[in-house]
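Okay, handing you the structure first.
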Amino acid sequence: MKTKISSLVLAIFLILALTACKAASPKQTASSQPQTQTEASKAQDETKKAQTKEGKILVVYFSATGTTKSVAEKIANIENAELYEIKAAQEYSSADLDWNDRSSRSTKEQNDKSARPEIASDTLSLAGYSKIYIGYPIWWGEEPRIMDTFVESYDFNGITMIPFCTSSSSGIGRSGKNLEENAKSGNWLDGQRFGANASESEIQSWIDSIK
C-alpha cells in the first residue's frame, strides 16, 4: 500500500515538474528577444557611426548646355552621391554663349575676372559632406565666373574638393587652381577634363584613381 502511495506521489510530482518547465519556456524565449534587439541596435549604431565618419558625397555642377550635367549625373550614380545644380539668376542664351561675339555676355564676363554672376539656386548646407565634386564647362580657357561666385559663398574646411570640367578641346588648365584660390578653404585635388561623350567606365576609372 505504501509503495502504491509513493508511486502516486512520484507521478504527481513529475506531472507538476513538467507543467512548470513548459510554463517557463515562453519566459526564456521572451528573455532572449531583448538580447537580439540589443545586438541589432548595436549593429545599426556602428553602421551609422561609420557613415558619419566617412561623410556624404555631393556633386555640384553648372551646365549651360547640358554637357556638364551629363557627366555630373554619371559621377553621382557611381559615387551614390547627391546632386546640386548651380543655376544662374539670368539664364544663358545661345547669343550669350557666342564666343565669336566679343560683346556677348559670356565673353564680357570671362574678360572681367571680378565678374560674379548671381546664383538663383537655393542656399546649400554643407553639413555632413566630406567630399564634393565640382563641375563646370571650360569657357575661354577658364571656369565660368559663376563658379567663382559659388566657391566664394561657402566654407569648405574639412571637405575634399574635386574639380572636373567638360570641353571639346581645352584642358582643365588653371581653372581648378583658380577655384581653390578664390575659395580659400577646402582640400583641393587636381581636376579632370571630360569630353561630351565621356562614358561611365571612363569616369569610373578616374574616380578609382583618386581614391
Quick check against the 3.5 Å criterion: does E143 have a side-chain atom that pairs as donor or acceptor with the backbone of G176?
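Flag not set: sc E143 to bb G176 has no pair under 3.5 Å.
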Treating N111 as the side-chain partner and T107 as the backbone partner, does any N or O pair qualify as donor plus acceptor under 3.5 Å?
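The answer is yes, because a donor-acceptor pair under 3.5 Å joins these two groups.
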Would you indicate whether N197, at its atom CG, is surrounded by more than 12 heavy atoms from other residues, nucleotides or ligands within a distance under 6.0 Å?
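Incorrect, the count does not exceed 12.
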Using 0.5 Å steps for rounding, measure from the CZ atom of F194 to the CD1 atom of I203.
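Answer rounded to 0.5 Å: 5.0 Å.
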Side chain to side chain, T68 and E73, heavy atoms closer than 4.5 Å:
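No - every pair of side-chain heavy atoms lies 4.5 Å or more apart.
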Nearest 0.5 Å, please: how far is OG in S121 from CZ in F62?
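Reported to 0.5 Å precision, the distance equals 10.0 Å.
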Ignoring hydrogens, what is the shortest heavy-atom contact between L124 and L126? Give both atom names and the distance.
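Answer, listing the atom of L124 first, then L126: CD2-CD2, 3.5 Å.
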Any chance you could measure I57, atom CD1, to L83, atom CG, to the nearest 0.5 Å?
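Those atoms lie 12.0 Å apart.
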Heavy atoms only: give me the nearest W206-S209 pair and the separation to one decimal.
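Taking W206 first and S209 second, the nearest heavy atoms are O-OG, 2.5 Å.
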Would you call E79-K211 a salt bridge at under 4.0 Å N-O?
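Salt bridge present between E79 and K211.
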What is the minimum heavy-atom distance between I138 and C165, and which atoms define it?
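I138 and C165 have their closest heavy atoms at CG1-SG, 3.6 Å.
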Find out whether P163 and S175 are in side-chain contact, i.e. whether some heavy atom of one side chain is under 4.5 Å from a heavy atom of the other.
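They are not in contact (no side-chain heavy atoms under 4.5 Å apart), so the answer is no.
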Taking A76's backbone N and O only, do any of them form a donor-acceptor pair with Y133's side chain (distance below 3.5 Å, no angle check)?
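Answer holds: no.
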Apply side-chain contact (heavy atoms from CB on, under 4.5 Å) to R193 and T166, showing your working.
CA-CA 6 Å; R193 173 256 175 196; T166 56; over 6 Å; no
Separation of F150 CZ from Y84 OH (nearest 0.5 Å)
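The distance works out to 6.0 Å.
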Does K113 offer a backbone N or O that forms a donor-acceptor pair with the side chain of R116 under 3.5 Å?
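Yes: the side chain of R116 pairs with the backbone of K113.
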Non-hydrogen side-chain atoms of K131 and I162 separated by less than 4.5 Å
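Side chain of K131 against side chain of I162, heavy atoms only: contact under 4.5 Å found.
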Do E109 and Y92 pair up side chain to side chain, a donor and an acceptor below 3.5 Å, judged on atom types alone?
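Yes, Y92 and E109 have a side-chain donor paired with an acceptor closer than 3.5 Å.
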Mind running salt bridge (charged side-chain N to carboxylate O under 4.0 Å, His left out) on K69 and E85 for me, showing each step along the way?
CA-CA 8 Å; K69 178 181 179 180; E85 181 178 7; 5.4 Å; no
Minimal non-hydrogen separation, I78 against Q204, with atom names:
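Taking every non-hydrogen atom into account, CG2-OE1, 3.3 Å.
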Backbone of R145 reached by a side-chain donor or acceptor of Q110 within 3.5 Å:
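At least one qualifying donor-acceptor pair exists.
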Please find the pair of heavy atoms, one from N77 and one from E200, that lie closest to each other, and give the distance.
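For N77 versus E200, the nearest heavy atoms are ND2-OE2, 3.1 Å.
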Charged N to carboxylate O below 4.0 Å: is that the case for R174 and E180?
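No, R174 and E180 are not salt-bridged.
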With a 3.5 Å distance limit and no angle check, can you tell me whether S104 reaches the backbone of L97 through a side-chain donor-acceptor pair?
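It does not hold such a pair.
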Main-chain N/O of A95 paired to R105 side chain as donor or acceptor, under 3.5 Å:
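No: the side chain of R105 does not pair with the backbone of A95.
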Kindly indicate whether the side chain of V151, heavy atoms from C-beta on, has any atom under 4.5 Å from the side chain of F156.
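They are in contact (side-chain heavy atoms under 4.5 Å apart), so the answer is yes.
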Rounded to the nearest 0.5 Å, how far does CG of D208 lie from CD1 of I210?
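One gets 9.0 Å once the value is rounded to the nearest 0.5 Å.
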With the side chain counted from C-beta on, respond yes when L179 and M147 share a heavy-atom pair under 4.5 Å apart, and no when they do not.
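They are in side-chain contact.
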Take a 6.0 Å sphere around CG of D112 and say whether it holds more than 12 heavy atoms from other residues, nucleotides or ligands.
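Atom CG in D112 is crowded, with more than 12 foreign heavy atoms closer than 6.0 Å.
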Is N178 close to E142 at the side-chain level, that is, under 4.5 Å between some pair of heavy atoms?
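Yes - at least one pair of side-chain heavy atoms lies under 4.5 Å apart.
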Minimal non-hydrogen separation, A196 against T67, with atom names:
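Smallest interatomic distance, heavy atoms only, reads CA-CG2, 3.7 Å.
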Would you mind reporting whether S170 and W140 have side-chain heavy atoms less than 4.5 Å apart?
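Not in contact.
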Do any N or O atoms from the side chain of S205 and from the backbone of S201 form a donor-acceptor pair under 3.5 angstrom?
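Checked: pair present.
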Indicate yes or no: at least one non-hydrogen side-chain atom of I86 is less than 4.5 angstrom from one of Y136.
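They are not in contact (no side-chain heavy atoms under 4.5 Å apart), so the answer is no.
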